[in-house]
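Here the structure is laid out as structure tokens; the discussion comes afterwards.
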Amino acid sequence: VQLMESGGGTIQPGASVRLSCAGSGRAFAVSHVGWFRQAPGKEREFVGTVNWSGTSTKVADTVKGRITISRDNAARTVYLQIHSVEPEDTADYYCGASDRSSITNADQVLYWGRGTQVRVSS
């Protein structure tokens with residue numbers, strides 16, 4: 001499985017941003033995908049996840065209510081939408097996949113993308 005994130009950039013506070021995770025490889029269609037982020041000087045943290053079929057999602061409590069995760073298997077893409085971004089959302093965002101287990105922490109990820117940077121600034 002190969003993953004590539006896109007959609008990052010400089011975003012104004014209060015705006016929304018949608019990040020994409022494009023997947024390739026035979027196993028992507030049956031892989032669970034998680035989103036993580038790493039702010040400067042901090043550890044990588046779990047943001048949310050979607051199962052292989054797109055029928056189940058889970059979002060971290062720290063961002064609940066502002067995050068939407070969705071999946072389009074026909075387009076081989078998983079999306080992370082952040083609503084009403086805050087300065088604290090500034091981070092590098094990564095998607096990770098596993099075809100062996102659901103994902104709620106980084107240890108469960110078998111394949112990583114290279115990340116996309118989100119910077120919240122006015």
Is it true that a side-chain atom of [X] and a backbone atom of [Y] form a donor plus acceptor pair closer than 3.5 Å?
| X | Y | result |
| --- | --- | --- |
| Glu5 | Arg114 | yes |
| Thr90 | Val120 | yes |
| Arg119 | Ala91 | no |
| Arg44 | Gln38 | no |
| Thr55 | Ser53 | no |
| Asn51 | Ser56 | yes |
| Arg26 | Val1 | no |

Cluster overlap [X] with [Y], hydrophobic side-chain contacts below 4.5 Å:
| X | Y | result |
| --- | --- | --- |
| Met4 | Tyr111 | no |
| Val63 | Leu19 | yes |
| Val47 | Ile82 | yes |
| Phe46 | Trp112 | yes |
| Tyr93 | Ile103 | no |

Can you find a side-chain donor-acceptor pair between Ser24 and Gln2 that sits under 3.5 Å? yes
Under 3.5 Å, is there a donor-acceptor pair linking the side chains of Thr49 and His32? no
Salt-bridge criterion met for Arg37 and Asp89 (N-O under 4.0 Å): yes
Kindly confirm or rule out a cation-pi arrangement of Arg18 over Tyr79, judged by NZ or CZ under 6.0 Å from the six-membered ring centre and within 45° of its axis? yes
So, is the end of the Arg71 side chain (NZ or CZ) under 6.0 Å from the ring centre of Trp52 and within 45° of the ring's axis? no
Euclidean distance, [Y] [atom2] relative to [X] [atom1], rounded to 0.5 Å:
| X | Y | atom1 | atom2 | value |
| --- | --- | --- | --- | --- |
| Phe28 | Asn73 | CZ | CG | 6.5 Å |
| Ile11 | Glu86 | CD1 | CD | 14.0 Å |
| Ser98 | Gln108 | OG | CD | 7.5 Å |

Heavy-atom closest contact ([X] atom, [Y] atom, distance):
| X | Y | answer |
| --- | --- | --- |
| Ser31 | Asp99 | OG-CB, 3.4 Å |
| Ser20 | Thr77 | CB-CG2, 4.0 Å |
| Val33 | Cys21 | CG1-SG, 4.4 Å |

Ring centroid separation Phe36 to Tyr94 under 6.0 Å: no
Check the pair Gln12 / Ser122 against side chain to side chain donor-acceptor pair (under 3.5 Å), numbers first and verdict last. CA-CA 5 Å; Gln12 290 197 335; Ser122 56; over 6 Å; no
Can you tell me if CZ on Arg100 sees more than 12 non-hydrogen neighbours from other groups inside 6.0 Å? no
Let me see the working for Gln81 and Ile67 under side chain to side chain contact (heavy atoms under 4.5 Å, CB included), right down to the final yes or no. CA-CA 6 Å; Gln81 186 151 10; Ile67 294 286; over 6 Å; no
Carefully, step by step, assess Ile69 and Val78 under the rule side chain to side chain contact (heavy atoms under 4.5 Å, CB included). CA-CA 7 Å; Ile69 296 178; Val78 173; 4.3 Å; yes
Using side chain to side chain contact (heavy atoms under 4.5 Å, CB included), reason through Val118 and Val85 one step at a time and then give a plain yes or no. CA-CA 10 Å; Val118 171; Val85 297; 5.7 Å; no
